[in-house]
Amino acid sequence: MSYVFDPPAVVAVPVTGSESRFPVHRIYCVGRNYVEHAKEMGFTGREPPFFFMKPADAVLYVPEGATGEMPYPSVTADLHHEIELVVAIGKGGRDIKAADAAGHIFGYAVGLDMTRRDLQGEAKKQGRPWDVGKSFDHSAPMGPIRPAAQAGDVGNAAIALSVNGQVRQSSNVSKLIWNIAETIEHLSRLWELRPGDLIFSGTPEGVGAVKAGDLMEGSVGGVGALKVKVV
């Protein structure tokens with residue numbers, strides 16, 4: 001088979017303790033999935049989960065212990081950080097029950113859902129999709145994937161992010177409105193999940209702006225840490 005041009009390389013994220021890499025298929029993100037973050041964004045209650053997507057090549061991989069560099073994106077003056085637990089799907093399926101969800105999880109990672117908040121806000125006002133605010137180049141920095149068996153009690157893990165040494169976000173994964181199993185159940189009703197899918201599970205309260213030169217340091221207990229400098 002020939003192509004009109006060379007196909008792009010597969011986006012793949014290293015796996016902790018292995019020479020193998022996790023090939024990324026799709027990136028799903030859950031909106032407003034922590035109670036206090038929902039409140040700071042002007043919403044309350046346990047609304048049904050909703051999702052948006054990022055392209056696979058939005059991944060900006062950062063080895064643990066290293067400092068990644070994220071270019072400040074174009075056409076924005078309000079770039080926000082959102083620290084998240086990332087769930088890596090290893091077994092696909094449709095209409096997966098929450099009780100069976102754990103069997104579909106390969107592992108977990110620490111990620112950032114970077115957001116052009118001003119563009120997202122304008123899209124909301126006009127009833128338009130969020131793509132320009134969420135789905136841009138380098139908008140999904142993340143660390144290596146830790147296999148589920150090595151990640152400990154992820155459902156009760158601390159999650160936090162600091163900017164230039166000052167804590168901005170600090171919470172616990174147990175405060176998710178829709179937990180990981182429930183999220184997989186809802187998501188798999190809408191799309192057939194495939195091996196290689198990543199789910200950014202939502203961010204706690206404390207989101208805020210960063211500028212060029214700022215250093216973001218995030219972590220999820222038992223999963224890992226992530227350092228990214230905006231350049």
Side-chain angles (χ1 to χ4, degrees), residues 24-59 73 76 78-89 92-102 104-105 108-136 139-142 154-155 159 161 169 171-194 196-208 218 220:
V24 179
H25 177 238
R26 292 176 177 168
I27 301 175
Y28 299 98
C29 303
V30 190
R32 297 194 294 264
N33 203 23
Y34 281 81
V35 173
E36 295 304 318
H37 175 58
K39 290 179 180 178
E40 75 180 352
M41 300 303 287
F43 297 84
T44 59
R46 196 180 195 230
E47 63 180 338
F50 69 94
F51 307 95
F52 57 92
M53 298 176 71
K54 293 176 183 276
D57 61 4
V59 167
T76 184
D78 196 20
L79 176 66
H80 278 212
H81 59 76
E82 298 189 11
I83 187 69
E84 310 213 0
L85 169 68
V86 181
V87 182
I89 298 296
R94 187 186 294 276
D95 297 323
I96 299 166
K97 300 297 184 185
D100 301 323
H104 293 260
I105 298 172
Y108 303 92
V110 185
L112 284 164
D113 167 18
M114 299 303 294
T115 303
R116 295 192 283 204
R117 190 72 72 199
D118 45 0
L119 301 189
Q120 182 196 29
E122 187 60 30
K124 287 180 180 180
K125 288 179 185 178
Q126 299 187 38
R128 294 176 177 175
W130 293 5
D131 299 62
V132 295
K134 289 287 192 178
S135 305
F136 53 94
S139 62
M142 63 179 292
V154 172
I159 181 170
L161 180 121
Q169 296 183 266
S171 189
N172 193 286
V173 175
S174 64
K175 295 183 179 181
L176 283 168
I177 296 173
W178 298 95
N179 65 33
I180 298 304
E182 292 169 330
T183 295
I184 289 173
E185 180 175 84
H186 281 281
L187 191 60
S188 67
R189 291 175 184 168
L190 298 168
W191 292 275
E192 180 178 356
L193 295 183
R194 301 287 181 87
D197 287 340
L198 297 176
I199 303 171
F200 279 61
S201 60
T203 195
E205 70 276 11
V207 301
V220 175

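Along the sequence shown, residues carry numbers from 1.
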Aromatic ring pairing F51/W191, orientation class (parallel under 30°, perpendicular over 60°, tilted between)
perpendicular
Once you measure the plane-to-plane angle for W130 and F52, does it fall in the parallel (<30°), tilted (30-60°) or perpendicular (>60°) bin?
tilted
Do [X] and [Y] have side-chain heavy atoms sitting under 4.5 Å apart?
X	Y	value
T115	V207	no
R189	D95	yes
R26	R194	no
L193	H104	no
D113	K134	yes
L198	Y28	no
E205	K175	no
T183	L176	no

Which heavy atom of [X] sits nearest a heavy atom of [Y], and at what distance?
X	Y	result
I177	E182	O-OE1, 4.0 Å
G93	S188	O-CB, 4.0 Å
V173	I159	N-CG2, 4.2 Å
G202	Y34	O-CE1, 3.4 Å
A140	F200	CB-CZ, 3.9 Å
V110	I83	CG1-CD1, 3.7 Å

Test side-chain contact (heavy atoms from CB on, under 4.5 Å) applied to I89 and I184, step by step
CA-CA 9 Å; I89 298 296; I184 289 173; 4.0 Å; yes
Can you tell me how far the CD1 atom of I180 sits from the CG atom of L85, to the nearest 0.5 Å?
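These two atoms lie 5.0 Å from each other.
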Report the distance from atom CG of N33 to atom OG of S201, rounding to the nearest 0.5 Å.
7.0 Å
Verdict with supporting geometry, H80 and Q120, side chain to side chain donor-acceptor pair (under 3.5 Å)
CA-CA 11 Å; H80 278 212; Q120 182 196 29; over 6 Å; no
Run W178 and E185 through side-chain contact (heavy atoms from CB on, under 4.5 Å) and show every step you take.
CA-CA 10 Å; W178 298 95; E185 180 175 84; over 6 Å; no
Test item: S135 side-chain N/O and P55 main-chain N/O as donor-acceptor pair under 3.5 Å:
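Flag not set: sc S135 to bb P55 has no pair under 3.5 Å.
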Q169 side chain to P204 main-chain N or O, any donor-acceptor pair under 3.5 Å?
yes
Under the side-chain contact (heavy atoms from CB on, under 4.5 Å) rule, what do F136 and L79 come out as? Steps first, then yes or no, please.
CA-CA 12 Å; F136 53 94; L79 176 66; 4.0 Å; yes
What residue among I27, V30, V86 forms side chain to side chain contact (heavy atoms under 4.5 Å, CB included) with I199?
V30
